[in-house]
Amino acid sequence: LGIDLTSLGLNLNSTENLHKTFASPWSNEPSKDDPEFSVPQCYYAK
Amino acid sequence: ESGSTDFRKRVSTLFKNWYQVCEVSGANETACSEYVLHLYQTGLLKGDDTTESFFRILLELSVAHCISSEEISSGAVQSPQQAQSPSFLIIDIFAKLVFSILKYFPEQESSSKFFLLSEIMAVTVRSIQKDAEDKKASLSPRPYFRLFINWLLDLCSLDPVTDGANFQVLTAFANAFHALQPLKIPAFSFAWLELVSHRSFLPKLLTVNGQKGWPYVQRLLVDLLQFLEPFLRNAELGGPVHILYKGTLRVLLVLLHDFPEFLCDYHFTFCDVIPSSCVQMRNIILSSFPRNMRLPDPSTPNLKIDLLPEIVEAPCILSEVDAALKANQMKNDVEEYLTSRQHDTTFLSELKLKLLVSSSEASSAGTRYNVPLINSLVLYTGMQAIQQLQQAGETGAQNVVALHMFKYLSVELDTEGRYLFLNAIANQLRYPNNHTHYFSFIMLYLFLESDQVVIQEQITRVLLERLIVNRPHPWGLLITFIELIKNPRYGFWKHGFIRCAPEIEKLFESVARSCG
Amino acid sequence: ELGAIGDPSALGPMNDQMHNLQMLEAAFYRLPQPKDSERPRPYTPRNPAITPQSFPQTQAPIVSNPLFWERLGSDAFGTEPLFFAFYYQQNSYQQYLAAKELKKQSWRYHRKFNTWFQRHKEPTIATDEYEQGAYVYFDFQTPKDENRDGGWVQRIKNEFTFEYSYLE
């Protein structure tokens with residue numbers, strides 16, 4: 001009968017993308033690391 | 001001589017110097033670029049055999065240091081609880097050297113830079129393959145895992161001079177991971193899946209340059225599913241296999257949530273490699289639908305499927321649907337039959353036999369039938385029939401030819417063959433599109449037209465086994481089953497098989513309730 | 001050519017499967033650990049100041065939590081903390097989160113002036129290329145008398161034209 005997929009530690013109802021905090025295929029929790037981000041060049045104010 | 005001991009000593013000395021640059025001067029840009037220029041000027045970065053030996057020796061030194069540190073720490077470990085953590089210091093230094101070489105490479109045109117990257121990747125892959133052959137079960141994947149993690153974090157975040165720069169790096173990784181796939185190096189499987197699904201890699205390969213990275217991701221997913229297939233087929237989910245299986249489910253759920261169109265467009269490929277016993281995993285893929293689509297609740301009373309705007313749209317299918325037909329030299333015959341407008345029973349009886357595999361293949365495939373060929377025949381025939389139906393002025397006569405083929409196969413195939421045939425149809429019951437519409441009609445037509453209860457029972461079984469597993473359930477499957485049990489013309493509730501045992505009777509009642 | 005034993009793979013896939021299972025078991029005991037993926041992200045303060053060891057020496061994890069920035073941006077705190085993170089923690093995840101929060105509050109970043117603007121009223125003119133009207137903007141006031149420090153202010157600018165080519 002398969003498994004209850006909500007028990008795999010992924011918030012399947014999240015409005016955010018899951019991949020940004022995907023820790024690993026073995027982990028039941030999101031990654032604690034800062035997710036990937038990039039700030040545009042123009043954010044570097046003089 | 002790049003094979004001599006002198007050369008090895010020279011490489012070791014150069015590596016020590018690099019360590020100084022990193023550790024002592026804090027790897028500032030000037031020191032790094034000067035060091036890279038020095039390597040370049042001494043001819044070590046030409047991409048020839050010397051280059052190959054240079055990076056192979058560096059990798060061997062780095063891995064050896066990591067493994068020896070692990071042995072020391074495990075020697076020192078008093079109790080198994082103390083996690084043996086190897087030192088990644090030298091591996092990190094080596095990864096940084098490769099990153100610096102690509103960042104400060106003196107030749108500015110990116111082609112030579114990426115030629116060098118592919119060379120370094122090739123050296124790394126060959127080294128891992130050789131290490132795996134030598135060490136077999138005692139291969140230590142963690143140094144290589146760490147090396148690739150460093151590169152994924154550094155190289156994939158190289159600010160793209162153009163997207164192309166990023167895309168070339170990503171495809172270099174994809175090709176390397178394909179060469180290191182579990183069927184080739186099973187002892188690297190867990191590290192492999194964690195690298196392939198890494199958030200600095202997979203999402204980028206799916207988004208940089210539009211959909212150009214999708215074929216690479218599809219190939220990697222097929223690599224994984226092909227490795228799992230023999231274990232899943234026999235439902236042998238012991239310890240490590242179960243961990244790998246759950247890891248695969250997590251990756252598929254991330255794809256379902258963030259990149260559903262990718263799963264939609266390659267569903268046909270994945271259904272070829274997911275064993276028919278693996279119902280829930282296949283449902284994940286078949287439940288995906290385009291993000292901009294809103295699915296009406298299947299249990300809405302009097303839901304008019306035919307009036308849904310999307311129901312007349314053809315789904316996007318990136319897989320090569322007719323590949324198996326062509327590989328078995330059957331495509332032309334099928335096309336000829338479909339355009340012949342006559343019921344050629346000889347063709348059909350031969351067709352049935354061609355769906356079998358040779359007895360020697362049967363044991364390895366775990367079935368007497370060529371499942372990809374059945375999948376290809378069903379979907380290709382359906383697509384031709386839909387096309388003919390849509391072409392103005394068609395009487396639909398040819399469509400009757402397709403119906404006749406489906407009906408013939410449902411009657412003439414044995415239980416196993418018919419199960420796989422019905423599965424091929426059920427695999428098209430997905431989100432609202434004209435394939436879902438057509439194959440939902442076919443499934444119900446076969447139920448209605450069959451004069452053998454065993455066929456009706458098997459159709460019910462194929463639908464039901466996909467419904468009683470844990471969610472998700474594909475939309476097209478739900479609307480087909482609801483139609484079957486609600487529309488009196490199918491006389492569903494009169495059949496004895498729904499009362500063949502008390503728990504089956506209860507099951508149908510609960511499914512009927514849950515379907516509203 | 002291998003004599004009596006023959007080529008092991010000729011034993012068929014069962015042999016391969018057994019082999020793969022053994023290798024998989026071995027791999028299972030060498031699963032990558034979370035720390036294998038972690039790379040120390042030394043937090044290098046922009047203006048390092050020596051603080052007593054009793055002070056926290058690394059950032060509190062909460063400053064990486066988007067919900068924390070949502071709260072910071074709420075009315076209770078006003079927008080000052082967001083602008084502080086944006087201008088004083090550049091190229092950090094905090095700047096990224098602050099910018100996201102400002103955008104949620106209808107601030108728009110002007111690439112040329114490196115300044116955030118917010119409509120003070122509905123624009124008097126709006127075309128595909130630009131909009132014009134009264135805007136609030138967050139700016140650094142450089143003092144006339146150089147002995148005094150400058151300061152951050154919010155000001156209103158009427159008749160401002162915001163060209164969309166400068167909208168980040």
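Every chain is numbered from 1, with letters handed out A, B, ... down the list of sequences.
Within the 4.5 Å cutoff, side-chain heavy atoms of B:R142 are placed close to those of C:Q33.
When each of C:N20, C:L24, C:L31 is checked for heavy-atom pairs under 4.5 Å with chain B, C:L24 comes out on top. Ranked by heavy-atom pairs under 4.5 Å with chain C, the first of B:P230, B:G239, B:P182 is B:P230. When B:F148, B:F227, B:F188 are compared by the number of non-hydrogen pairs under 4.5 Å with chain C, B:F227 comes out ahead. Interface check for chain C: of the options B:A191, B:S189, B:S138, the most heavy-atom pairs under 4.5 Å are formed by B:S138. With respect to chain C, the highest number of heavy-atom pairs below 4.5 Å among B:I91, B:N150, B:V241 belongs to B:N150.
Counting heavy atoms of neighbouring residues, nucleotides and ligands inside a 6.0 Å radius, atom CG of C:D149 does not exceed 12 of them. More than 12 heavy atoms of other residues, nucleotides or ligands shown are found within 6.0 angstrom of NZ on B:K184. Applying the 6.0 Å contact sphere to NZ of B:K135 captures more than 12 heavy atoms from other residues, nucleotides or ligands. The 12-atom threshold is exceeded at NZ of C:K104, counting heavy atoms of other residues, nucleotides or ligands nearer than 6.0 Å.
Atom CG of residue B:L153 and atom CD of residue C:E38 lie 11.0 Å apart, to the nearest 0.5 angstrom. Of the inter-residue distances, the one linking B:L195 atom CG with C:S37 atom OG reads 8.0 Å to the nearest 0.5 angstrom. Rounding to the nearest 0.5 angstrom, the gap separating the CZ atom in B:R233 from the CD atom in C:Q17 is 7.0 Å. One distance of note links NZ of C:K35 with CZ of B:F88; it measures 8.5 Å at 0.5 Å rounding. Between the CG atom of C:L21 and the CZ atom of B:F231 there is a distance of 5.0 Å, given to the nearest 0.5 Å.
The side-chain contact (heavy atoms from CB on, under 4.5 Å) test with B:P186 singles out one residue from C:Q22, C:E25, C:M23, and that residue is C:M23.
C:R30 and B:S140 get closest at one heavy-atom pair: CD-CA, 3.9 Å.
Between C:D36 and B:R146 no salt bridge is recorded (no basic side-chain N to carboxylate O distance below 4.0 Å).
If you measure heavy-atom distances from B:L139 to chain C, the contacts under 4.5 Å come from the backbone alone.
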